[in-house]
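Note: hydrogens, waters and symmetry copies are ignored here, and every other heavy atom, side chains too, is used.
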Amino acid sequence: MFTVDVNRRTVLRAAAAGGVGAGLAATGVAAPAGADRRTGTGGPARRPRIAILLFDGVTPIDAIGPYEVLCRVPGASVLTVGKRTGPVRSDNGVLTLGVDHTLREVRWADVLLVPGGNVRGVQADPAMIEWIQQLHRRTTWTVSVCTGALVLGTAGLLRGLRATTYWGVQAQLAQFGATYVPHRFVETGRIITAAGMSAGIDMALHLAAKLADDQIAQALQLTVEYDPQPPFDTGSPDKAGPELQRLALELLNPGGR
């Protein structure tokens, strides 16, 4: 990791010497801490505090995709929050992510992000649902990725709203009083729901524009080099067809576990 960090610093210094750094400064990415920024609500922005809920069974990209964008919003602080501090296992049990703060330690945030994965444990946990409800009362934005929308639904936050989620569980939104919309992300009031996994990056860029401005969000898209050019055109169920839909769900949940 040290080698990677050093190499990254070397590249950035070289880019700055070649004039790229001046371009970044012009976008506001390198602006001083006291620089005035605006929020999507039209008022002066404070440094946004972003809480990402983590839990055993989380799908890593649901959290890490948006994190890679939002952690670079000027002045932003990102907190990983969970039932207890320490590692949590990913949905397939292979990767671990770290929780730095307990639910009790984080009583407010400008942004609450609920990723997806195997969310039944979260839905069945009164403490986690109550924490989401309480935090939502003070957030500027409450957002979800993939099946994280089902958690927001369990918390009663989607009733009467248009929302999206992973295509394979879209029908479940109805039980929470929400109307499924097949978009990459859906903004309704101060709630933004994103579709499956990679759609969290789209949502995060949209949210970055709300937290800062369009130019910052555009620079962040370049920062993470988000310029998708997939080799296939099967990224939505309509394009993929029934056979690939079945195979996709099998690969997502091998053995029905």
Side-chain angles (χ1 to χ4, degrees), residues 38-43 45 48-55 57-59 62-63 65-66 69-70 81 83 103 106-211 217 235-238 245 249:
R38 313 298 288 183
T39 66
T41 59
R49 189 185 204 207
I50 300 163
I52 300 178
L53 180 65
L54 294 181
F55 49 89
V58 67
T59 298
D62 291 6
V69 173
L70 297 175
V81 190
K83 197 76 180 286
L103 304 179
V106 179
R107 309 309 299 174
W108 70 271
D110 298 294
V111 177
L112 166 61
L113 190 154
V114 179
N118 297 332
V119 297
R120 291 179 183 175
V122 180
Q123 291 177 283
D125 190 323
M128 298 188 86
I129 295 301
E130 182 181 0
W131 179 79
I132 290 169
Q133 292 168 332
Q134 290 179 349
L135 221 68
H136 174 67
R137 294 190 187 112
R138 300 181 62 184
T139 60
T140 302
W141 301 100
T142 297
V143 306
S144 67
V145 180
C146 199
T147 53
L150 304 183
V151 177
L152 297 189
T154 302
L157 305 185
L158 298 184
R159 187 165 299 280
L161 302 185
R162 299 164 73 250
T164 193
T165 186
Y166 186 66
W167 61 269
V169 299
Q170 59 182 269
Q172 295 185 37
L173 283 180
Q175 67 183 307
F176 304 114
T179 300
Y180 173 74
V181 181
H183 293 168
R184 290 287 282 176
F185 60 86
V186 176
E187 177 185 336
T188 308
R190 57 193 182 92
I191 292 179
I192 308 175
T193 52
M197 303 183 187
S198 65
I201 300 175
D202 298 55
M203 181 275 295
L205 289 167
H206 175 74
L207 182 56
K210 299 284 188 181
L211 296 172
S236 73
D238 291 340
Q245 289 177 33
L249 294 177

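- Among residues at least two apart or in separate chains, there is no salt bridge (Lys or Arg N to Asp or Glu O under 4.0 Å) pair with a member in residues 141-158.
- At a threshold of 4.5 Å between non-hydrogen side-chain atoms, the residues Leu103 and Val81 count as touching.
- Annotation: side chain of Val122 is not in contact with side chain of Val114 (no heavy-atom distance under 4.5 Å).
- Within the structure, the salt bridge (Lys or Arg N to Asp or Glu O under 4.0 Å) test picks out the following pairs touching residues 111-127 (sequence neighbours left out): Lys83-Asp125.
- With sequence neighbours excluded, the residues forming a ring pair (Phe, Tyr, Trp, His ring centres under 6.0 Å) with His206 are Phe185, listed by chain and number.
- Listed by first and then second residue, the ring-ring contact (aromatic ring centres under 6.0 Å, His included) pairs involving residues 150-180 amount to none (not counting sequence neighbours).
- Leu112 contributes atom CG, which lies 13.0 Å from atom CZ of Arg137 (distance to the nearest 0.5 angstrom).
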Distance-only donor-acceptor pairs under 3.5 Å for side chains of residues 142-153, two or more places apart:
| residue | atom | partner | partner atom | Å |
| --- | --- | --- | --- | --- |
| Thr142 | OG1 | His136 | ND1 | 2.7 |
| Thr142 | OG1 | Thr139 | OG1 | 2.8 |
| Thr147 | OG1 | Gly117 | N | 2.8 |
| Thr147 | OG1 | Gly117 | O | 3.0 |

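- Taking OG1 of Thr140 as the start and CG of Leu211 as the end, the distance is 8.0 Å to the nearest 0.5 Å.
- Residues passing the side-chain contact (heavy atoms from CB on, under 4.5 Å) test with Ala217, sequence neighbours excluded: Ala208, Ala209.
- With sequence neighbours left out, Ala195 forms a side-chain contact (heavy atoms from CB on, under 4.5 Å) with Thr164, Ala199.
- For Glu130, the side-chain hydrogen bond (donor to acceptor under 3.5 Å, both in side chains) partners at least two apart in sequence or on another chain are Gln134.
- The side-chain contact (heavy atoms from CB on, under 4.5 Å) search around Val181 returns Arg162, His183, Val186, not counting sequence neighbours.
- The side-chain hydrogen bond (donor to acceptor under 3.5 Å, both in side chains) analysis of residues 192-203, with sequence neighbours excluded, yields the pairs Arg184-Ser198, Arg184-Asp202, Asp202-Tyr226.
- Sorted by first and then second residue, the salt bridge (Lys or Arg N to Asp or Glu O under 4.0 Å) pairs with a member in residues 187-201 read Glu187-Lys210; sequence neighbours excluded.
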